[in-house]
A.B. asks: 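Right, I'll just put the structure down here and ask away after.
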Protein chains: 2
Amino acid sequence: MVEVICTVDVVLLTIRDDTLMTALIEREHAPFAGQYALPGGYIHAEEDADVHASAMRVIAGKAGIVPPYLEQLATLSGPGRDPRGWSLSIAHYALVPCEIIENAVGSQVHLLPVDRLPALPFDHARIIGMAADRLRNKSQYSSLPCFLAGDTFTLPQLQRIYEIVLGEKLNKVSFRRKVTEMDMLEPVEGCFESAGAHRPAQLYALKSSSRSKLMLLERGL
Amino acid sequence: MVEVICTVDVVLLTIRDDTLMTALIEREHAPFAGQYALPGGYIHAEEDADVHASAMRVIAGKAGIVPPYLEQLATLSGPGRDPRGWSLSIAHYALVPCEIIENAVGSQVHLLPVDRLPALPFDHARIIGMAADRLRNKSQYSSLPCFLAGDTFTLPQLQRIYEIVLGEKLNKVSFRRKVTEMDMLEPVEGCFESAGAHRPAQLYALKSSSRSKLMLLERGL
DNA sequence: TCAATAGTGTCTCTAAGACATTATGTT
DNA sequence: AACATAATGTCTTAGAGACACTATTGA
């Protein structure tokens with residue numbers, strides 16, 4: 001039986017400069033050595049508990065971080081996507097606040113806007129498109145974008161994150177109604193963020209229950 | 001490097017007797033020979049164009065059919081799920097009208113209700129659960145359940161299919177408004193289905209554009 | 001003529017968005 | 001005091017569900 005090449009790839013998504021960005025690394029080895037590409041690598045059957053663990057290991061190795069959210073996206077396959085032979089990549093996407101990427105030690109990543117990418121090897125452009133689509137779709141009815149925010153944030157900041165991900169302005173009153181409905185935040189008592197000559201905003205943190213599971217809405221935003 | 005076992009599994013879903021059912025086959029070979037399990041098999045790198053093609057080949061071989069809808073579900077993996085070693089299964093689900101299964105030649109499948117299954121080998125029970133969840137979720141806002149209906153059907157029949165999948169009664173007026181909004185059906189002119197001592201119902205068929213892509217709703221049913 | 005379901009018109013109630021108002025900080 | 005943004009109250013409008021009424025067949 002012809003051997004199948006088994007790999008994982010990870011689309012690390014973050015927001016910087018009010019823009020959705022993805023982490024790319026310069027490939028060290030052939031094929032496509034020297035080109036920007038998604039962090040990825042072979043599945044190590046002798047050490048990985050499953051492909052989720054493979055993806056975590058790859059991110060830790062290449063970006064030096066442990067992302068707060070990691071989900072499987074799809075499995076891409078076929079004889080033509082990798083010049084080494086019939087290959088299969090279990091694509092994942094991860095969400096992470098950009099400070100964590102920038103503070104990581106030994107990180108080799110470069111952040112680039114998802115909608116202004118250079119030509120990429122393999123089917124990585126398509127995988128990034130799928131990741132952005134999945135994020136956009138799930139953000140319509142869930143607390144998913146919270147994983148792009150830091151430990152604490154204000155409601156206006158969170159709304160801005162949703163707007164960047166969804167690509168549209170949101171109604172402030174409706175947004176706050178929905179956030180309340182999802183019941184995922186708790187105010188950090190007595191903590192406010194002052195950002196100029198105006199009333200400061202209440203800081204919030206994710207409830208611990210919402211750090212491990214997504215909160216969903218019956219009807220979208 | 002330790003070899004990874006690469007397989008595909010398919011959850012074939014259909015509705016019979018007003019119940020969501022899945023197709024199981026009696027395994028011919030070890031492990032678990034003789035037990036009911038999902039149709040599945042190895043990826044054949046020398047002949048399959050990708051894992052979608054692997055899944056289609058498996059369904060054609062075991063159930064003798066070409067399903068109108070087939071989608072990738074998730075990739076399950078790890079050292080413990082298959083006694084033969086570290087394995088990876090790209091799980092798919094397919095939707096098909098039950099007449100197609102029952103009329104298939106050389107089909108080895110048995111239809112069983114998804115919520116009254118016997119103990120199954122591997123992680124097949126979990127895969128079937130994921131498939132039913134995915135179908136239920138997508139059915140809330142798309143035309144997906146149409147692939148469980150035959151070539152022509154009445155609106156009351158389609159509403160019944162949605163109700164079985166979603167597990168709840170639907171409002172007739174709202175359902176018809178949504179079907180109109182999705183703009184996926186065209187009436188079969190002059191064709192009605194009489195089912196007793198009452199007004200017969202108009203027959204509809206999927207528009208050709210809706211046979212290849214899903215129609216989506218802004219807000220769910 | 002009655003029974004039964006198909007199909008449609010319309011009213012009510014809920015929820016989303018628009019707009020206005022109040023709150024609270026900095027300059 | 002002026003100003004800018006946070007936060008919230010309220011009105012308008014759109015959509016979902018409830019209900020009722022008409023349509024059309026077989027018994």
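When reading the values below, keep in mind they use all heavy atoms of this one structure, side chains included, and skip hydrogens, waters and symmetry mates. Numbers restart at 1 for each chain; the letters A, B, ... are given by sequence-line order, proteins then strands.
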A.B. asks: When the distance from CZ of Arg219(B) to P of dG15(D) is rounded to whole Å, what number comes out?
C.D. replies: 6 Å

A.B. asks: Rounded off to whole Å, could you give me the CG-to-P distance for the Leu155(B) and dG7(C) pair?
C.D. replies: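 About 6 Å, once rounded to whole Å.
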
A.B. asks: What is the distance, rounded to the nearest whole Å, between atom NZ of Lys172(B) and atom P of dA6(C)?
C.D. replies: 7 Å

A.B. asks: On DNA chain C, check which nucleotide each of Lys178(A) and Pro200(A) is closest to and give me the residue with the more 5' one.
C.D. replies: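 Nearer the 5' end of the strand: Lys178(A).
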
A.B. asks: Rounded to whole angstroms, how far apart are NE2 on His198(A) and C1' on dA4(D)?
C.D. replies: 6 Å

A.B. asks: In whole angstroms, how far is the P atom of dT13(D) from the CG atom of Asn171(A)?
C.D. replies: 15 Å

A.B. asks: Could you check how far CD of Glu168(B) sits from P of dG17(D), rounded to whole Å?
C.D. replies: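 To the nearest whole Å, that distance equals 9 Å.
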
A.B. asks: Side chains of Tyr36(A) and Glu26(A): do they bring a donor and an acceptor to under 3.5 Å?
C.D. replies: no

A.B. asks: How long is the line joining CZ of Arg199(A) and P of dT21(C), in whole Å?
C.D. replies: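 Computing the Arg199(A):CZ to dT21(C):P distance gives 17 Å.
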
A.B. asks: Rounded to whole Å, please give me the gap between CZ in Arg176(A) and P in dA18(C).
C.D. replies: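 It works out to 16 Å between those atoms.
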
A.B. asks: Would Gln202(B) and Tyr204(B) count as having a side-chain donor-acceptor pair, cut-off 3.5 Å?
C.D. replies: no

A.B. asks: At under 4.0 Å between heavy atoms, what does Lys169(A) touch on the DNA or RNA strands: base, sugar-phosphate, or nothing?
C.D. replies: nothing

A.B. asks: Could you tell me if Thr75(B) and Thr75(A) have a donor-acceptor pair between their side chains, going purely by distance under 3.5 Å?
C.D. replies: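 Distance-only check passes for Thr75(A) and Thr75(B).
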
A.B. asks: Side chain of Val173(A): nearest nucleotide among dG7(C), dG9(D), dT24(C)?
C.D. replies: dG9(D)

A.B. asks: Within the structure shown, what part of the strands sits under 4.0 Å from Ser174(B) by heavy-atom distance: base, sugar-phosphate, or nothing?
C.D. replies: base

A.B. asks: Does any donor-acceptor pair link the side chain of Arg177(A) with the base of dG17(C) at a separation under 3.5 Å?
C.D. replies: yes

A.B. asks: Thinking salt bridges, do Arg81(A) and Asp50(B) make one under a 4.0 Å N-O criterion?
C.D. replies: no

